[in-house]
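Notes to accompany the following structure.
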There are 4 protein chains.
Amino acid sequence: MAKNDKQELIVDAALEVFCEKGFANTRMGDIAKKAGVSYGLVYHYFESKEVFFDHIVERWWKTLYDMLEAEKSSSAGFEGKLERIIRFFLDTYASKFNLLSIFITEVSRSSLYRTDAGLARFRKFFSLCDEIMAEGQKRGILRSDVAPHYLTYIFLGAIEAFISIMVLGKEKITKQREQRTINGIIQVFLHGAMAQNGHGGTRSKT
Amino acid sequence: MAKNDKQELIVDAALEVFCEKGFANTRMGDIAKKAGVSYGLVYHYFESKEVFFDHIVERWWKTLYDMLEAEKSSSAGFEGKLERIIRFFLDTYASKFNLLSIFITEVSRSSLYRTDAGLARFRKFFSLCDEIMAEGQKRGILRSDVAPHYLTYIFLGAIEAFISIMVLGKEKITKQREQRTINGIIQVFLHGAMAQNGHGGTRSKT
Amino acid sequence: MAKNDKQELIVDAALEVFCEKGFANTRMGDIAKKAGVSYGLVYHYFESKEVFFDHIVERWWKTLYDMLEAEKSSSAGFEGKLERIIRFFLDTYASKFNLLSIFITEVSRSSLYRTDAGLARFRKFFSLCDEIMAEGQKRGILRSDVAPHYLTYIFLGAIEAFISIMVLGKEKITKQREQRTINGIIQVFLHGAMAQNGHGGTRSKT
Amino acid sequence: MAKNDKQELIVDAALEVFCEKGFANTRMGDIAKKAGVSYGLVYHYFESKEVFFDHIVERWWKTLYDMLEAEKSSSAGFEGKLERIIRFFLDTYASKFNLLSIFITEVSRSSLYRTDAGLARFRKFFSLCDEIMAEGQKRGILRSDVAPHYLTYIFLGAIEAFISIMVLGKEKITKQREQRTINGIIQVFLHGAMAQNGHGGTRSKT
DNA sequence: CATGAATGAGGGTTCATTCAT
DNA sequence: CATGAATGAACCCTCATTCAT
């Protein structure tokens, strides 16, 4: 446990530093200093800077996949799935800002991740969402004249844009704002941005 | 003219190398070599690697702003504006892949750009789009129960997600695919992803 | 102790190289090679070439100040004080040639030291000597119709000229020559260069 | 004449820049800019930075030698010779500060000048003064129990110390101060720093 | 004479990584 | 486990110098 304590200490420090300075500008020494451990101990646990970073990112991808898998398998209502996906990101923003910030600024489209492995991670993320969209189509909830991955791009793109702006501006999030954001995205995603289509105003004022 | 030739040569080489390797992994020597000029000449034109990169990025931001300003001021139909915005990105993808790739992977959310100046660039980009959306609301085309910047996030987020996937996968784009993408985004953005709302299938099969 | 060993090794090597080539023509690699350590170790102990040099120079100034402070506070005879000051420089010349050579050629009047801080160092050096001269005046030993700092300039100027010539010519110094030099400076400084003033020949033949 | 104009313009600019930044920190471009000429023109007149600097320094040495030769050959009174030597430096300080500053900080003891040629320049300077001192001894004015070069060191050392302090502090010089300085140096040099030796107060209050 | 674009060797500095203690 | 001294390859940048125009 003492072992894991130190290791966790280092990981937490890394999250902070990677978030604050970015991968390229983070020194292994910065992490050690922030964690309050010696220089070499970081190398005791992680063989290299890159492996260390991958370790962190990998954990995040897994969390993301797990969440999406859960929604996919779930028998819950479709709109609820969308809501939970959005809420997942917003909750993570509130509780693990560093992690989400790293994901947005260093991973999601970084040139660091323009390898086959990186592309694969990314595609799996979108694929899982595709399947949820396809299921929505099969259930007759979503229109079928648009390919499911188009729906995915629009839905995830919207979420990412929101999160990105929040991350870059280090904005605060409140429960109220969270709900407004969820409603806004779902409203427009499902019913469109056009006026007078008869459902826009019924749900909420965003 | 001979003067600008060399400088342009260097800029083109830089676009290629920055695109291929990313800012952090680009060596000034790589750029010089690719441009077929001496090491020092790069510094004759650009005082540092960072300034050089900024120069490139700044030109891009200006192009982007100009395009959005033009749409904002234009008296054209609203849907046409949306279409031209999307088309702008897709055309740039086709004609200046390197530039757009750099924008996506190194700029749009990069930690490099998490400065006040960087944030300002970003906000101006979103702001201009906000104004177009607000105008759509005033014209009665867009629903008014959603704040304009929400619409912006969804619209631009969708475009960026499309472009990102294309950039990461280095995908080819055809005229046909371009049109399908434009229609897809506009359809879902304006009319929503839901089935049986009566306008989805009329425009095109995507 | 092993720790200080390496550091001391590097400092000694630096003294040699700075002395031989001067600050501007000294390469950090030269120092490392001369010390028999790796390139990076120099930077482990000293953050930059300039800081390293300052560290060396600072130690020297301190030694100099300490010596002058000691003479100032001492209750010894005035002529003895002058003699010990001169002897201090000649002894340092014999035992730490490199250090004194660096002081003469790189510090004492170098443009490197034309900063406020550099000027302050210099003035403190002269100030301490001023006080000793002023004390000599108060004791009635030195003439009072000349400002003490004039006396300082002449006394220290003489020492520096001697040392400079020796440094530039890399001359050997013997005990005999040391004593002759001390006598020569003191004789002329105290009794003047004129003939037939009745005290020139009594002390020694220089 | 137009030719010499440009050349002189460049030399003057060089004096300013070398004085302000020192040899090592002066860029050929700085000189060109200060002179208001193009980069390459400096090279049209001076084949290299070092040759350029030598050219400047060489002119100074010649001026110095000429002055000392003139005093040596002159049949004027000995004390007048000393006075004119001191006055020469003080006048140069007033009229050609840059030149004298460069001499003090970059030449007189610089490691740049620790070559055989440099040492030779220096020795010739001292030698000429030696001869004047020897003549003073032969005339029976100066004491003969001290070797002439000792007298030289003390006399020139005093002058250099005065000038150095003035240069480092960029001090102003007035006619009055000039005379006081001359008297002070000559008084102490000739009659010594000791009190009650019967000639201190007769000349002036310094 | 005059310009300034072009060259490229060289130097200071960084920092991931290793390893003896 | 833990430390931090030690390594050295790599990279950005400088700037004296050349030369075509």
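Naming: A, B, ... by sequence-line order, numbering from 1 per chain. Just so it is clear, the structure is predicted and the values come from calculations on it, not from any experiment.
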Which nucleotide, E:dC1, E:dT7, F:dA16, lies nearest any side-chain atom of B:Leu41? E:dT7

Donor-acceptor pairs under 3.5 Å, side chain of residues 15-23 of chain B to any protein atom, not counting sequence neighbours: which ones?
from: B:Lys21; atom 1: NZ; to: B:Asp30; atom 2: OD2; distance (Å): 3.3

A:Leu41 side chain reached by A:His44 side chain, heavy atoms, under 4.5 Å: yes

So if I take residues 20-27 of chain B and measure heavy-atom distances to DNA chain F, which residues fall below 4.0 Å? B:Thr26, B:Arg27

Side chain of A:Tyr45 only, please: which of E:dA2, F:dC1, E:dG12 is the nearest? F:dC1

When you match C:Glu50 and B:Gly36 each to their closest nucleotide on DNA chain E, which lands nearer the 5' end? B:Gly36

Report yes if some heavy atom in the side chain of B:Val107 is under 4.5 Å from a heavy atom in the side chain of B:Trp60; otherwise report no. no

Verify the contact: side-chain N or O of A:Lys49 to OP1 or OP2 of E:dT17, cut-off strictly under 4.0 Å; return yes or no. no

On the nucleotide F:dC1, are OP1 or OP2 found under 4.0 Å from the side-chain N or O atoms that A:Lys6 carries? no

Base-pairing mate for E:dA20 - Watson-Crick or G-U, with both contacts under 3.5 Å: F:dT3

Taking only residues two or more places apart in sequence, or in another chain, which ones meet B:Ser108 in a side-chain hydrogen bond (donor to acceptor under 3.5 Å, both in side chains)? B:Glu160

Enumerate the protein-to-nucleotides 19-21 of chain F contacts in which both atoms are nitrogen or oxygen and the separation is below 3.5 Å.
none

Side chain to side chain, C:Phe103 and C:Val167, heavy atoms closer than 4.5 Å: no

Decide whether a cation-pi geometry holds between A:Lys6 and A:Tyr45; the criteria are a distance under 6.0 Å from NZ or CZ to the six-membered ring centre and an angle within 45° of the ring axis. no

Looking at the side chain of B:Ser48, which of F:dT7, F:dC13, F:dA16 is the nearest nucleotide? F:dC13

Could you check which of F:dT17, E:dA2, E:dT7 has an atom nearest any side-chain atom of D:Tyr39? F:dT17

Around atom CD of C:Glu58, are there more than 12 heavy atoms from other residues, nucleotides or ligands closer than 6.0 Å? yes

Who pairs with C:Tyr39 by ring pair (Phe, Tyr, Trp, His ring centres under 6.0 Å), at least two apart in sequence or on another chain? none

Return the 5'-most residue of the pair C:Ser38, D:Gly29 with respect to DNA chain F, ranking by each residue's nearest nucleotide. C:Ser38

If each of D:Val37 and A:Glu47 is mapped to the nucleotide of DNA chain E with the nearest heavy atom, which maps nearer the 5' terminus, i.e. the 5' end? D:Val37

Check side-chain hydrogen bond (donor to acceptor under 3.5 Å, both in side chains) between A:Asp54 and all other residues, then give those that pass, not counting sequence neighbours. A:Tyr113

Side-chain N or O of C:His44 less than 4.0 angstrom from OP1 or OP2 on F:dA5? yes

